[in-house]
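The block underneath contains the structure these notes are about, expressed in structure tokens.
Lettering follows sequence order; numbering is per chain, from 1.
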Amino acid sequence: MAAEVVLDRLELLGATLRETRVDCIGVDSLYSSAGPSSHAPYEARVRVAARTHSREEALMVAHEVDALGLSGPSAGSIAAMNVREMLGVVSTYIPREMVEPRIVVHEVPR
Amino acid sequence: MKSIELREIAHARSGDKGDISNIGVIAYDESDFELLRNQVTVVRVCSHYGNLVLGEVTRYELPHIGALNFVMERALDGGVTTSLALDPHGKTRSSHMLSLNVAVPDDYVPRRLREAT
């Protein structure tokens with residue numbers, strides 16, 4: 001419910017989120033549906049993560065999670081938040097025509 | 001025959017290369033390698049990991065060290081630098097492997113009970 005509140009409010013506020021992820025730490029945050037289905041743990045932690053176009057939108061996500069402390073479901077504890085810039089290192093292919101190989105041989109004296 | 005968890009027979013480690021997760025499974029006892037080879041198959045591993053792995057799984061055999069290495073493609077939501085996962089490297093993936101059930105003879109004694117004697 002807490003996660004639904006956050007995501008619904010972000011939609012209402014017009015935040016464009018490139019990607020979102022909701023986990024329940026203690027339930028499915030590591031293995032998703034591949035883990036065993038079992039009875040609910042005695043305690044759990046909801047985690048909402050999002051990738052946004054701008055720092056301002058990322059701060060909106062953090063603010064909404066923070067607001068759950070006062071306005072969210074009962075019996076919740078306060079949130080931890082982290083906003084940071086993501087720098088992706090992603091492999092790709094480029095057309096070979098864009099590459100002009102040059103070979104330079106240097107002889108180094110002993 | 002009885003069914004026990006793979007963690008009684010082997011340990012496992014996982015690593016990442018871009019969007020590829022690789023998980024090594026190493027028998028505690030070299031004599032258990034055949035058991036691993038027969039039962040920890042690509043089909044079973046794919047089923048065990050479900051939607052955590054979107055691409056192909058390839059198994060490599062290292063009999064001289066009693067190990068198997070599973071290379072899983074499209075497994076890490078694009079890779080550690082862009083993933084939103086709590087465990088973006090997938091280091092916890094090895095633990096999941098060890099919950100796989102394997103069939104052993106009724107008189108098989110798992111490692112932890114052997115060490116206790």
Any residue of residues 92-100 of chain B which, by heavy atoms, sits under 4.5 Å from chain A: Thr92(B), Arg93(B), Ser95(B), His96(B)
Does a sphere of radius 6.0 Å around CD in Glu56(B) hold more than 12 heavy atoms from other residues, nucleotides or ligands, not counting ones at 6.0 Å or beyond? no
Could you tell me which portion of Leu30(A) (side chain, backbone, both or neither) has an atom closer than 4.5 angstrom to a non-hydrogen atom of chain B? both
Strictly less than 4.5 Å between heavy atoms, which residues of residues 69-90 of chain B line up against chain A? Please order them by number. Asp77(B), Thr81(B), Thr82(B), Ser83(B), Leu84(B), Ala85(B), Leu86(B), Asp87(B)
Members of residues 17-43 of chain B whose heavy atoms come closer than 4.5 Å to chain A: none
Enclosure of Met1(B) CE (heavy-atom neighbours >12, cutoff 6.0 Å): yes
Quick check on Glu11(A): does its CD atom have over 12 non-hydrogen neighbours (other residues, nucleotides or ligands) under 6.0 Å away? no
Does one hydrophobic cluster hold both Val6(A) and Met81(A), with members joined at side-chain heavy-atom distances below 4.5 Å? no
Atom NE2 of His63(A) with >12 non-hydrogen neighbours under 6.0 angstrom: no
Check the hydrophobic clustering (I, L, V, M, F, W, Y; side-chain heavy atoms under 4.5 Å; chains of links allowed) and say if Leu13(A) and Val65(A) are grouped together. yes
Among residues 44-59 of chain A, which residues come closer than 4.5 Å to chain B, judged by heavy atom distances? Arg47(A), Ala49(A), Ala50(A), Arg51(A)
Crowding at CD1, Ile65(B) (>12 non-hydrogen neighbours, <6.0 Å): yes
Please determine whether side chain to side chain contact (heavy atoms under 4.5 Å, CB included) holds for the pair Ser33(A) and Asn51(B), giving the CA-CA distance in whole Å, both sets of side-chain angles, and the decisive distance to 0.1 Å. CA-CA 7 Å; Ser33(A) 56; Asn51(B) 288 337; 4.2 Å; yes
Same apolar cluster (I L V M F W Y, side chains within < 4.5 Å links), Val109(B)/Val102(B): no
